[in-house]
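We name chains A, B, ... by the order of the sequence lines, and we start the count at 1 in each one.
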Amino acid sequence: MPFDPLPSVPDHPALEREMLEFWDNERIFERLREQNAGGPTFSFIDGPITANKRMGVHHMWGRTLKDVFQRYKAQRGFDQRYQNGYDCQGLWVEVGVERELGLNSKAEIEGYGLDRFARKCREKVAWSAEAITEQSRRLGMWMSWDSDYFTFSDTNIEYIWRFLKAVHEKGWLVRGQRSTEWCPRCGTSISQHELIGSYRDQADPSITVRFPLNDAPGEAILVWTTTPWTLPANVTAAVSLDADYGCLAGGDWVAVERYPNERFETRVKGRELVGSTYTGPYDHLPAASGVEHRIIPWDEVSLEDGTGIVHIAPGCGSEDFELSVAHDLPVLQPVDEAGRFYDSFGWLHGLSTAEARDRIISDLDERGLLVHAGEIQHRYPFCWRCETPLIFRISTDWFIQVEEIRPKLRAANDDVLWVPDHFGKRMDDWLVNMGDWNISRKRFFGLPLPFYPCSCGHLTVIGSLAELRGKATAGLEQLEELHRPWVDNVTIRCDGCGDDVRRITEVGDVWLDAGIVPLSTLGWRNDEWVDAGNGTGAAEGLTNAPLPDHAHWERWFPADWVSEMREQIRLWFHSIAFMSMALVDRLPYRAILSYEKLLDEEGCEMHGSLGNAIDADDAFERMGADVMRWMYCAQPPSQNLRFGYGPAEEVKRKLLTLWNSVSFFVTYARIEGFEPRLSDLETGPADAELRPLDRWLLARMQEFIDEATESYDLYLTVGVARSLDVLVSDLSNWYIRRSRRRFWEESDEAAFRTLWYSLVQAVRAVAPIMPFLADHLWRNLAGRAIDGAPDSVFLAGWPEPADVLRDEQLLADVAVSRRAAELGRSARQASAIRLRQPLRRLVVAAGDPAVRSSVERSVEELRGELNVKEVAIVETPAEVTELRVQAKLDVVGPRLGKELPALRELLAAGDFELAGGVLRAGPHELAPGEYLLQYVGRGGWSAAHDGDLVVAVATEISDELALEGRALDVIHEIQRMRRDAGLELTDRIEIAYGIDDGLDRVFAAHGKRIANETLAVKVAPGTGERLVIQKAPSR
RNA sequence: GGGCGAUUAGCUCAGUCGGUUAGAGCGCCGCUCUGAUAAGGCGGAGGUCCCUGGUUCGAGUCCAGGAUCGCCCA
């Protein structure tokens, strides 16, 4: 018996675990790779996933897409790398460790010890990588799990050093200042991507403060601020050049527009205030004592809030800082890395910004400078790690200048295939606007920037471990790996003066770590292949990833395709583009698939705190990986995905139809002992005695495979999902439904072979999306059923379409007759006569002979389905409808132009003649093909139409028909009684009927039929009730 | 402030080159099958295609302006 019976419903999780074990035991993935080795290459480069936690269902979307296309390309015979990667250092990793250790500041980390801290970070990464690997395997991802790359390997770090040295040689490396969001607790700046989603509502003071003007005694400008602690750092005030400013009665200057109810003694344009000097609120403290406060112009001054005059503290805001650069203003930095005032701020020394706030307000009040104090609710950023409100600080950092590379990146981006395509524009927008790349972070467990600035003015940038060894003057003996603290202890000889020089303590931006991957993992400019050569430094023992040689790089660079979530446009997609362009003058990718956000089924973001997050392991158990994968793949990537158990049920029902179809096949194939042939997969059952319906399904299969292939090639899984939906419905509701008897009564070889072929091809084509279900079904239908068949669907290649099975005409014909059946049902429904009532005549009219002949083939279907005595197929529906004519607008429109509306009126009014195929209406003549004939129903008919395809039923019911209708009602009634009585399908019954209500006439005319349909062995008039049945005594 | 999207049925979304009557799934209502049955099938109701203007014989579709929502940048 070749096939195994299917349970009535698939148990996805159980089936998936079974397949995982099978793949493992039979080394399916390894065999697939061996099979494809040496074939054409498809290069995919995996963006590293941060190894600091287990994955959630939002990670699985991207992991699924990666796996889908690698599996698809493998089925197409492409040789591939399957290297997974982990992001292993930087803030994201430090955070979890810091939390676990209960550390709460940089000082505490230093107290704990950088070496122990680094070891803890590595442990965290190792733990997370293992968890992610296990979850990914459960999802069905096929990767070479023993050769993952880890961005904290010494090899990866060396490659970044090489990049930084090259950047320095190009003259792009600079040290500079910038104003940045800063967490006073963590003691570091917060990068833009870390700010995502970190804004909350917060109440802050809203105060208006007076700055006295120096040259106009008694007069002052008013400024507004929500951050009183920044006032000691005030340097200037900004006005809008063209706005009107006025002086209030008390001598205070404000923007007129902001005070519509006030009267102003004097009014001037903002430009006239520019250059005036004023006394700052804290000029008496040492820090601000030497500052001359001169009013400046700024076109960003808001007239929507505040006073229209803006307090500028370059040490406390990014726009403020930029203004200080533009206007050459001094910068006062009020607080240190921990957010406490410097001693040059007198009595404020040592206070935090929160502590200083109220004291400053009351101090201003006492000194008569406070005009108004209130409170405001607004959005304010918080540290995503520790919930501390962020402040702005000036920080000295290292930058890579981008002006030279910007145009190259933009030009190259034009040639990238972006899916969805508008993401390409977003990349361009980013490239146009990106500022110099800030690469330094004042933290611990990260890429050690190899910068050794010397007091002689020379900057030495180390490009490799060998170079470091060569120039080292001390500390090599303790250098365990290229991380702090060990690397900090290595001093080198300055290239400029020969003195000993130390590394700066900063570490690198994580996007350097990830950005070098297309070079570091592929062995760019590496002379000799080194086994496990990427498992160095912190990565030693975690992976066997090799360091390949340059020839390998030539073979696999650039990637044909990469895929990550949308945020990566300005992160990973950008950093790999930047670093590759800088080093090898090319982009590292040809095509990119990116996708939007994953939300819960209500459309809300998933958050642990909201309780709506779905645990991945929970999802595996409750819906199964295939169902999850289907949801990810059925989603247009340009839109947010609503993910949840509700939608999962819908998907399960959908998949159940495919499952039921296979189950139906298997049930009868077992009964009839059907033996499938592998060779049918090449050409289909072309040599069998095929009926039109078989040929139709076979033609549909070619069309489906074409559609699926095209969608995969465009990197759009949603197209595959949609095509499969339609196919499954065709296969189950049209083919199987109409062919059932051929399977259980006729044992029709052609039907079995056609259905087997179609099910197997469908399973193969969706295998990349649902690998478990697909391989499970393949094993049952082919892998185990046929000697010599590939063990796994993934070893069976791609279901190539067979041209001999294509039949466009047949597809069109069937579409027409299905449409006719649909119209017939619609016409019946519109007649308001119940379907069980037989009607005399159904008329199908179509002008096109091809349409008529294809409807001819489904006459039986129409007769049975619509319960009519006869079906007529005619050219014009004159019998049932009146004629109407419509112009073909797309043909006639361009010819007639403005006269078209008049023509349409004539046609609508029936004011036309039709002779010899030519239509005359008023002054116009329409040739055949320029108009369409249309019909409306006559009395006694109920009609429905689609274009000139008209279907109508006669609504008149003769006595004879009425009697038959009653007979069918009786059958229905008895069937219901059988079921209510709990009878088996095969139980025989006896019927007794009452003679009133005309039932005697019904049984007289149709008794035999009623008995037949209801398995009645005895039918006789009874004594009382109108219908009584009882189970017949068994013989 | 600049940029990129989106706005179509109760919900989630399709809608090709501008063409006559704008579709699907889910939900709802009704009908139906009982040899795929923990199912299945059919039909129906339900629409100001965000608004305004323009181009055109004709606009859900193209153009301009606006509104709202989301995202990116400043």
Side-chain angles (χ1 to χ4, degrees), chain A residues 6-9 192-193 196 299-300 302 304 318-319 322 420-435 566-567 569-570 596-597 599 601-603 605 634-636 638-642 646-647 649-654 656-657 659-668 671 718-719 722 725-726 729 732-734 736-737 740-741 743-745 821-830 832 834-836 865-867 884-904 907-908 931-932 934 944-947 972 975-976 978-979 985-986:
Chain A
L6 271 63
S8 59
V9 175
Q192 280 309 116
H193 76 267
I196 294 168
D299 51 16
E300 299 292 317
S302 168
E304 304 289 312
S318 62
E319 290 170 321
E322 280 166 29
D421 61 352
H422 71 262
F423 284 163
K425 294 188 214 162
R426 291 188 86 126
M427 174 58 108
D428 187 61
D429 185 53
W430 160 259
L431 291 173
V432 170
N433 291 306
M434 69 175 173
R566 192 205 57 217
E567 286 88 326
I569 290 173
R570 64 199 175 88
E596 286 284 347
K597 238 184 177 63
L599 308 173
E601 55 191 278
E602 306 297 331
E605 284 200 40
Q635 177 66 22
S638 59
Q639 273 162 17
N640 292 336
L641 164 58
R642 297 192 176 196
E649 287 307 313
E650 212 178 298
V651 173
K652 279 188 197 169
R653 270 212 300 283
K654 213 166 268 197
L656 185 58
T657 308
W659 179 267
N660 277 339
S661 300
V662 176
S663 171
F664 173 89
F665 168 82
V666 166
T667 303
Y668 293 102
I671 293 171
V718 54
R722 284 183 185 152
D725 265 2
V726 179
S729 156
S732 135
N733 297 340
W734 191 251
I736 295 184
R737 201 169 121 82
R740 275 184 292 203
R741 286 175 190 281
F743 292 92
W744 75 64
E745 282 174 3
E822 221 169 90
L823 291 169
R825 288 185 208 107
S826 179
R828 269 230 62 143
Q829 188 89 11
R834 68 192 190 290
L835 191 56
R836 222 173 291 122
E865 189 89 10
L866 300 172
N867 197 12
R884 286 279 185 277
V885 172
Q886 282 190 328
K888 279 193 180 174
L889 296 182
D890 53 337
V891 181
V892 181
R895 178 156 74 82
L896 292 187
K898 282 186 201 305
E899 295 169 50
L900 195 61
L903 172 68
R904 294 180 67 184
L907 296 180
Y931 58 88
L932 288 174
Q934 234 197 1
H945 72 88
D946 182 13
H972 178 71
Q975 298 285 29
R976 183 172 290 269
R978 286 182 59 109
R979 195 181 58 189
L985 275 168
T986 51

Quantified in whole Å, what is the [atom1] atom distance between nucleotide [N] and nucleotide [M]?
N	M	atom1	value
B:rA22	B:rG66	P	32 Å
B:rA24	B:rA14	C1'	7 Å
B:rG10	B:rG3	C1'	35 Å
B:rC29	B:rG35	P	27 Å
B:rC31	B:rC69	P	45 Å
B:rG43	B:rG5	C1'	38 Å
B:rG23	B:rG44	C1'	16 Å
B:rC73	B:rU61	P	32 Å

Between [X] (side chain) and [Y] (backbone), is there a donor-acceptor pair under 3.5 Å?
X	Y	result
A:Thr667	A:Ser663	yes
A:Gln635	A:Asn640	yes
A:Asn867	A:Arg836	yes

In terms of side-chain heavy atoms of [X], which of [options] is nearest?
X	options	result
A:His422	B:rC4, B:rC26, B:rG41	B:rC4
A:Arg426	B:rC42, B:rC13, B:rG70	B:rG70
A:Asp890	B:rG19, B:rA14, B:rA36	B:rG19
A:Arg566	B:rG19, B:rC71, B:rC13	B:rC71
A:Glu650	B:rA38, B:rG43, B:rC26	B:rC26
A:Pro636	B:rG19, B:rA14, B:rC72	B:rA14
A:Val9	B:rG41, B:rC73, B:rA38	B:rA38

Tabulate protein N/O versus nucleotide N/O from nucleotides 6-8 of chain B, keeping only pairs under 3.5 Å, one per line.
none

Can you tell me if [X] touches the phosphate of [N], counting only side-chain N or O atoms and a distance under 4.0 Å to OP1 or OP2?
X	N	value
A:Arg642	B:rU12	yes
A:His972	B:rC33	yes
A:Arg740	B:rA36	yes

Interatomic spacing from [atom1] in [X] to [atom2] in [Y] - rounded to 0.5 Å:
X	Y	atom1	atom2	answer
A:Glu899	A:Arg904	CD	CZ	14.5 Å
A:Phe423	A:Asp421	CZ	CG	10.0 Å
A:Arg737	A:Phe664	CZ	CZ	12.5 Å

What is the distance from [atom1] of [X] to [atom2] of [N], rounded to the nearest Å?
X	N	atom1	atom2	answer
A:Lys425	B:rG3	NZ	P	12 Å
A:Asn867	B:rC42	CG	C1'	14 Å
A:Lys597	B:rC71	NZ	C1'	8 Å
A:Asp429	B:rG2	CG	C1'	8 Å
A:Asn660	B:rA38	CG	C1'	10 Å
A:Ile671	B:rA36	CD1	C1'	12 Å
A:Arg836	B:rC31	CZ	C1'	9 Å
A:Glu319	B:rG1	CD	P	13 Å

Could you tell me whether [X] contacts a base, only the sugar-phosphate backbone, or nothing, with contacts defined as non-hydrogen atoms closer than 4.0 Å?
X	value
A:Ser732	base
A:Ser661	base
A:Ile736	base
A:Asn433	sugar-phosphate
A:Ser8	base

Specify the residue among A:Glu322 and A:Phe664 whose closest nucleotide of RNA chain B lies further upstream toward the 5′ end.
A:Phe664
Find which nucleotide of RNA chain B each of A:Ala887 and A:Gln635 is nearest to by heavy atoms, and output the residue with the more 5' nucleotide.
A:Gln635
Pairing string, 5' to 3', for RNA chain B - Watson-Crick or wobble contacts under 3.5 Å, brackets [ ] where pairs cross, | to another strand:
(((((((..((((.....[...)))).(((((.......))))).....(((((..]....)))))))))))).
Could you run through nucleotides 54-60 of chain B and give me one letter per nucleotide, 5' to 3': B if any protein heavy atom sits under 4.0 Å from the base, S if only the sugar-phosphate is that close, - if neither?
---B---
Any side-chain heavy atom of [X] within less than 4.5 Å of one from [Y]?
X	Y	result
A:Arg740	A:Tyr668	no
A:Arg825	A:Leu866	yes
A:Arg722	A:Pro636	yes
A:Met434	A:Arg570	no

Can we say A:Lys652 and A:Glu649 salt-bridge, meaning some charged N sits less than 4.0 Å from an Asp/Glu carboxylate O?
yes
Minimum heavy-atom distance [X]-[Y], with the two atoms named:
X	Y	result
A:Ser8	A:Leu656	O-CD1, 3.9 Å
A:Gly646	A:Glu601	N-OE2, 3.1 Å
A:Leu889	A:Leu900	CD2-CD2, 3.8 Å

